[in-house]
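Side chains are part of it too, since the values below use all heavy atoms of this structure and drop only hydrogens, waters and symmetry mates. Labels below follow one simple rule: chain letters A, B, ... track the order of the sequence lines, proteins then strands, and each chain is numbered from 1.
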Amino acid sequence: MKPLPPKGTRDYLPAQIRTRAGVIETVKRVFESFGYAPLETPALERLDVLTGKYGDEADQLIFRILKRGAAGERGEADLGLRYDLTVPLARVMAANQDLPKPFKRYQIQPVWRAERPQKGRFREFVQCDVDCVGTASVLADAEMVAVMHETLAALGFKNYRISVNHRKILSAFMDYAGVPAELKFAAIRAMDKLDKVGRDGVEAELAASDVPEPAADEIMNVLFDPKNSGRFNYYLTAAQAFAGDYDEGREGVADMHNLAEYVHHFGVPDDVVSFDLHMARGLDYYTGPIYEAFVVEGGVGSVAGGGRYDQLIAQLGGPDLPATGTSFGLERIITLLADRETAGGDAANVLVAVYDKSVLQDALEVAAEIRAAGATCEVYLEPSAKLAKQFGYADAKGIPFVVVVGPDEVAKGVVQLKDLAKREQVEVPRADLAAVVANILGRT
RNA sequence: GUGGGCGUAGCUCAGCUGGUGAGAGCGCCAGACUGUGGAUCUGGAGGUCGGGGGUUCAAAUCCCCUCGCCCACCCCA
């Protein structure tokens with residue numbers, strides 16, 4: 001029996017925190033550069049706020065909090081841990097209607113899902129959301145794609161793609177193919193698996209559902225029309241073929257034309273964005289353009305995903321505000337980054353080695369002087385330990401400098417300063433300590 | 001929720017179809033080096049073989065249950 005954290009959650013050790021903090025800093029910088037401001041909300045939300053927004057399956061994955069205290073109420077849940085950051089934002093918008101629009105915020109906090117853990121999947125994980133509320137302009141959607149691109153680029157990724165599609169086009173597509181309304185979702189989900197299971201897989205999936213065979217054939221015909229090449233051209237040609245007959249389809253195609261143009265003007269390279277007719281995204285609340293980013297050969301699914309959700313805020317009792325946003329998965333970014341060089345750097349600058357208890361007071365004073373000079377510094381906490389052990393500790397932990405305080409030094413009013421990497425040791429008068437530390441910091 | 005794999009010292013693992021006292025490497029501790037680190041050498045500590053039950057003269061090794069981890073499905077960051 002090992003004292004492991006609960007299934008699907010993890011402890012974050014110092015070096016991991018440093019890595020995560022570095023990623024968060026980069027993500028924040030990009031978000032802020034587009035004019036987004038921070039927001040935080042509670043981990044807990046009322047259950048009626050959370051449920052009915054994501055879809056039936058996802059509702060099952062919400063962690064529910066049992067009532068406490070009141071007799072007879074045990075077993076009932078009225079609160080849950082937030083499942084994502086979009087619904088909490090929508091609630092905030094419904095509650096704070098005086099915020100200037102468009103309201104642009106980012107939010108970096110953990111969310112919880114009662115899923116079975118897997119590679120790149122946890123029960124507690126941090127999402128980095130950016131959202132723009134209060135404008136229906138496709139320009140806002142284009143900005144989301146641009147933010148995705150800039151963020152992934154800033155993180156140092158080279159080989160990534162952003163897939164874009166439109167819920168209205170998907171809906172029109174299903175109508176055109178003759179899919180009954182109640183089976184639209186199943187058919188769309190089958191298509192969404194294309195990248196994973198391939199053409200035959202989608203065909204099998206459609207066959208296994210109750211989608212009528214002619215409708216399934218029509219879906220496959222459109223998806224794999226050999227006349228077209230190049231995903232963007234393909235997309236627009238295919239979409240136009242059926243869109244004209246449906247209001248939704250026409251709106252969607254018009255949006256996508258604008259989106260393509262805007263994204264280009266945002267400076268996103270054309271080969272990064274692809275318009276994928278099969279890409280669907282699972283959450284119920286999306287209503288317009290949807291986007292998903294993944295790193296090629298990443299093996300952890302998408303690193304970011306999002307879309308337009310024009311009805312969600314009204315659904316929560318707020319005003320009829322259009323909104324769009326996207327979310328990055330911090331743990332997936334970390335997983336993908338893990339293959340790369342990630343320097344440690346979680347050690348203090350200086351270790352003060354204490355010769356014995358008789359000089360403890362002096363050692364503590366020296367340490368305080370070093371900290372006052374601006375360096376991070378720790379004192380070895382067992383004053384009776386051999387110096388060899390204290391040096392070994394500094395070495396193992398990666399502390400670059402050791403200051404030795406012993407009886408001889410105290411008598412002379414000096415300390416020994418050793419540079420472990422260079423194996424050089426110099427005697428430094430206590431009075432000069434601040435200057436020497438400043439010099440050290442200047443070099444590191 | 002469904003399917004599969006795995007659980008042996010702090011870590012990574014070896015232990016063939018059940019059979020003499022449960023191992024290796026790394027790490028840790030101590031000493032060689034009585035005020036100074038990463039090398040080497042020597043010695044040492046540390047394991048109810050995840051837990052419970054069963055089969056057997058005998059089980060880490062076979063069977064059942066259970067817990068945990070991992071992978072895949074579902075869905076998703």
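For the contact set between residues 200-211 of chain A and RNA chain B, defined by any heavy atom under 4.0 Å, there are no members. Scanning residues 188-197 of chain A for heavy-atom distances under 4.0 Å to RNA chain B yields A/R189, A/K193, A/K196.
Taking 4.0 Å as the cut-off between side-chain N and carboxylate O, A/R167 and A/E248 do not count as a salt-bridged pair. Contact check on A/E427 versus A/K412 returns a salt bridge, with a Lys/Arg side-chain nitrogen under 4.0 Å from an Asp/Glu carboxylate oxygen. Looking at A/R10 and A/E124, no side-chain N of the basic residue comes within less than 4.0 Å of a carboxylate O on the acidic one, giving no salt bridge.
Distance check on atom P: B/C28 versus B/G10 gives 15 Å, rounded to whole Å. B/G4 and B/U20 have their C1' atoms separated by 38 Å, given to the nearest Å. B/C71 and B/U34 have their P atoms separated by 49 Å, with the value rounded to a whole Å. Nucleotides B/C41 and B/C33, compared at atom C1', are 12 Å apart to the nearest Å.
For A/I62 and B/G1, the CD1 to C1' distance is 16 Å, given to the nearest whole Å. For the pair A/R113 CZ and B/C76 P, the computed distance is 9 Å after rounding to whole Å. We find that CZ of A/R10 is positioned 18 Å from P of B/G68, with the value rounded to whole Å. Atoms NZ (A/K119) and P (B/C71) sit 6 Å apart, rounded to a whole Å. In this entry the distance linking CG of A/L61 with P of B/C75 reads 11 Å, nearest Å. A straight line from CD of A/Q107 to P of B/A77 spans 15 Å, rounded to a whole angstrom. Atoms CG (A/L155) and P (B/A77) sit 18 Å apart, rounded to a whole Å. What separates CG of A/L4 from C1' of B/G7 is a distance of 12 Å, to the nearest Å.
For A/E115, the salt bridge (charged side-chain N to carboxylate O under 4.0 Å, His left out) test picks out A/R121, with sequence neighbours left out.
The residue A/R281 sits close only to the backbone: its heavy atoms come under 4.0 Å of sugar-phosphate atoms, none of a base. Counting any heavy atom pair closer than 4.0 Å across all strands shown, A/G55 reaches no nucleic acid atom. Residue-level contact check: A/Q390 touches neither bases nor backbone, having no heavy atom under 4.0 Å from any strand. Contact annotation for A/A304: backbone-only contact, meaning every heavy-atom pair under 4.0 Å involves sugar-phosphate atoms and none involves a base.
A/R332 contributes a side-chain N or O that forms a donor-acceptor pair with the base of B/C76 under 3.5 Å.
We find that the ring of A/F328 and the base of B/A77 do not stack by the test of centres under 5.5 angstrom and planes tilted less than 30°.
The shortest distance between the side-chain N/O atoms of A/Q118 and the OP1/OP2 oxygens of B/A72 is below 4.0 Å.
Looking at RNA chain B, the stems built from 3 or more consecutive Watson-Crick or G-U wobble pairs, each pair with its key distances under 3.5 Å, are B:1-7 with B:67-73, B:10-13 with B:23-26, B:28-32 with B:40-44, B:50-54 with B:62-66.
For the pair A/F122 and A/P6, nearest-nucleotide mapping onto RNA chain B gives the more 5' position to A/P6. Residue whose closest nucleotide on RNA chain B sits further toward the 5' end, between A/G8 and A/R123: A/G8.
Applying the ring-ring contact (aromatic ring centres under 6.0 Å, His included) test to pairs two or more places apart or on separate chains, those with a residue in residues 7-31 of chain A are A/F31-A/Y106, A/F31-A/F328.
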Open item on the list: Generate the contact string for nucleotides 33-39 of chain B. Rules: B means base contact, S means sugar-phosphate contact only, - means no protein heavy atom under 4.0 Å.
Closed with: --BBBB-
